[in-house]
Amino acid sequence: MTTTTTTAREQAPPGHGGRPGGKAPATRRRGLLPARLRRAGLPYLLLLPALLLELLVHLVPMVIGIVMSFKELTQLTIGNWDAAPWKALGNYRVTVDLDAPVGAALLHSFLVTCAFSVLAVGLCWLIGTAAAIFLQDNFRGRGLLRALFLTPYALPIYAAVITWAFMFQRDNGLVNHVLHDQLHLTDGRPFWLLGDNSFVALLVVAVWKTWPFAFLVVMAALQSIPKDLYEAAALDGAGLVRQIRRITLPSLRPVNQVLVLVLFLWTFNDFNTPYVLFGKAAPEAADLLSIHIYQSSFVTWNFGTGSAMSVLLLLFLLVVTAGYLLATSRGRKHADG
C-alpha cells in the first residue's frame with residue numbers, strides 16, 4: 001500500500017501536490033491573463049506618445065483657431081488675444097457677406113480654388129494612371145523611367161517650386177525661351193507669374209509635383225490584378241482600350257476612390273506652391289483659399305476674420321469628405337448588389 005502511494009506521487013505532475021484536481025492550473029491561468037493583457041496593450045502603449053503629439057500639433061491649434069474666430073483680433077489686440085473683445089458671429093457675418101469687399105474676394109478665391117482643384121486632381125489622376133498602365137509591360141529601361149517619373153515627388157517642394165519660378169521668368173526663363181525663341185508659339189514673351197497666366201503656371205507646377213503620387217498608388221494597385229484576366233480578354237479579341245475599360249478601371253475603382261479624395265484634400269489646402277511661386281501677394285487669377293487666408297491674417301493683420309475663413313474652410317472640407325464617402329459607399333453597395 002505504501003509502495004503504490006509513493007509511485008502515484010512520483011508520477012503526478014509537478015505543482016499538483018500529488019492530488020488530482022490541484023489548484024496549480026488555476027494559478028497558472030491567473031498568471032497568464034495579465035501577460036496576455038500586457039501583450040495586447042503594448043502596441044497601444046507604444047502609439048500613445050505619437051497620438052499625444054499628434055493631438056498637440058493639430059487639435060490644440062484647431063481649438064485655438066476656432067476661439068480666435070469669435071474675437072476681434074487685429075494688430076492692436078493680438079498681443080493679448082485672451083483679453084480681445086468678443087465678437088461672437090461678427091467675423092462670420094463679414095466673411096459670408098457677398099456684397100462686401102471681404103465676402104466678394106473670398107467667394108472669388110473659393111471659385112478659383114474649386115476650378116484649380118478639379119483640374120489639378122483630374123490631370124494628376126489621368127497622367128498617373130496612364131503612366132502606370134504604360135509601365136506594366138516589361139521592356140528595356142522601365143526601371144529608369146519609373147525612377148524619372150518619381151523624381152518630382154521626391155524633390156523638396158521649396159527647391160522644386162523655386163526652380164519653376166525661375167523657369168517662368170519673362171526675360172530669361174526657360175519656358176519663354178522654348179516657347180518664343182525656339183518654337184515661335186507666342187507673339188511675345190508672356191508674363192507667367194502675373195495676370196491670367198498665373199493660373200496656368202500654378203496648375204502646371206501643382207500637376208508636375210503631384211502626379212507621381214497618383215502614379216505610385218495606381219502602379220501598386222495594378223499589381224493585384226490577375227494577369228489571367230488580360231490573357232483571357234486577349235483570347236476573346238479584346239483590344240487594349242477595351243481591356244482598360246472592362247478590367248483595369250473597374251479593378252482600380254476602390255483605390256481610385258481613396259486616391260481622388262486624398263488628391264482633392266491636398267490640392268484644395270495647398271499653401272506651399274502658391275506661396276513659394278508668387279510670394280505673399282498672389283495674383284487674382286491664382287488667389288487660392290490658402291494664400292487668401294494667409295493674406296487676410298498676416299498681411300492685413302485681421303486674425304479674427306482669417307480664423308473665421310479657416311473654420312469655414314474646415315467645415316466645407318468636412319462636408320465634402322462626408323458626402324464623397326457616403327456617395328462612394330452607396331455606389332460600392334450598389335455595384336456589389
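Predicted model, so just to flag it, every value in this text is computed and none were measured. Throughout, numbering of the chain's residues begins at 1 and tracks the sequence. Heavy atoms only: backbone and side chains are in, while hydrogens, waters and symmetry mates are out.
With ring centers used as reference points, F268 lies 6.0 Å or more from F116. For F264 and Y324, the gap between ring centers reaches or exceeds 6.0 Å.
Between the N197 side chain and the P190 main chain, no donor and acceptor come within less than 3.5 Å of each other. Proximity of a side-chain donor or acceptor of N269 to a complementary backbone N or O of L265 within less than 3.5 Å is detected. Proximity of a side-chain donor or acceptor of S109 to a complementary backbone N or O of A105 within less than 3.5 Å is not detected. Using modelled atom types, no side-chain atom of T321 and backbone atom of L318 make a donor-acceptor pair closer than 3.5 Å. Using modelled atom types, one side-chain atom of T328 and one backbone atom of L325 make a donor-acceptor pair closer than 3.5 Å. Between the H184 side chain and the H180 main chain, a donor and an acceptor come within less than 3.5 Å of each other. Although no hydrogens or angles enter the test, the distance criterion places a donor-acceptor pair under 3.5 Å between the side chain of S69 and the main chain of I66. No donor-acceptor pair under 3.5 Å is formed between the side chain of N91 and the backbone N or O of A308.
Remark: the D270 side chain and the T273 side chain contain an N/O donor-acceptor pair separated by less than 3.5 Å. A donor-acceptor contact closer than 3.5 angstrom links the side chains of Y230 and T248.
Here the side chains of F271 and I291 are in contact, with some heavy-atom distance below 4.5 Å. Contact annotation: the side chain of V262 approaches that of F213 to within less than 4.5 Å [non-hydrogen atoms, C-beta and beyond]. Counting heavy atoms from C-beta on, the side chains of F316 and F110 come closer than 4.5 Å. Residues H177 and Q182 are in side-chain contact: their nearest non-hydrogen atoms beyond the backbone lie under 4.5 Å apart. Using a 4.5 Å cut-off on side-chain heavy atoms (C-beta onward), Q295 and D287 make contact.
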Next on the checklist: Could you go through E72 and W86, starting from their C-alpha distance and side-chain angles, then the distance that decides it, and tell me whether this counts as side-chain contact (heavy atoms from CB on, under 4.5 Å)?
Outcome noted: CA-CA 6 Å; E72 187 177 356; W86 188 262; over 6 Å; no

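For Y158, the side-chain hydrogen bond (donor to acceptor under 3.5 Å, both in side chains) test picks out N272, with sequence neighbours left out. Taking the side-chain contact (heavy atoms from CB on, under 4.5 Å) definition, one finds that V60 meets it with L56, I64, sequence neighbours left out. Here Y153 pairs with nothing under the side-chain hydrogen bond (donor to acceptor under 3.5 Å, both in side chains) rule; sequence neighbours left out. V204 meets the side-chain contact (heavy atoms from CB on, under 4.5 Å) test with W164, F168, V200; sequence neighbours excluded. Considering only residues two or more places apart in sequence or on other chains, S310 meets the side-chain contact (heavy atoms from CB on, under 4.5 Å) condition with I293.
Within the structure, salt bridge (Lys or Arg N to Asp or Glu O under 4.0 Å) pairs that include any residue of residues 221-234 do not occur (at least two apart or interchain).
Ion pair D181/R189 flagged as a salt bridge, since at least one NZ, NE, NH1 or NH2 atom sits closer than 4.0 Å to an Asp/Glu carboxylate oxygen.
Environment of CZ in R142: crowded, with over 12 heavy atoms of neighbouring residues, nucleotides or ligands closer than 6.0 Å. Within a 6.0 Å radius of CG in D187, other residues, nucleotides and ligands contribute 12 heavy atoms or fewer.
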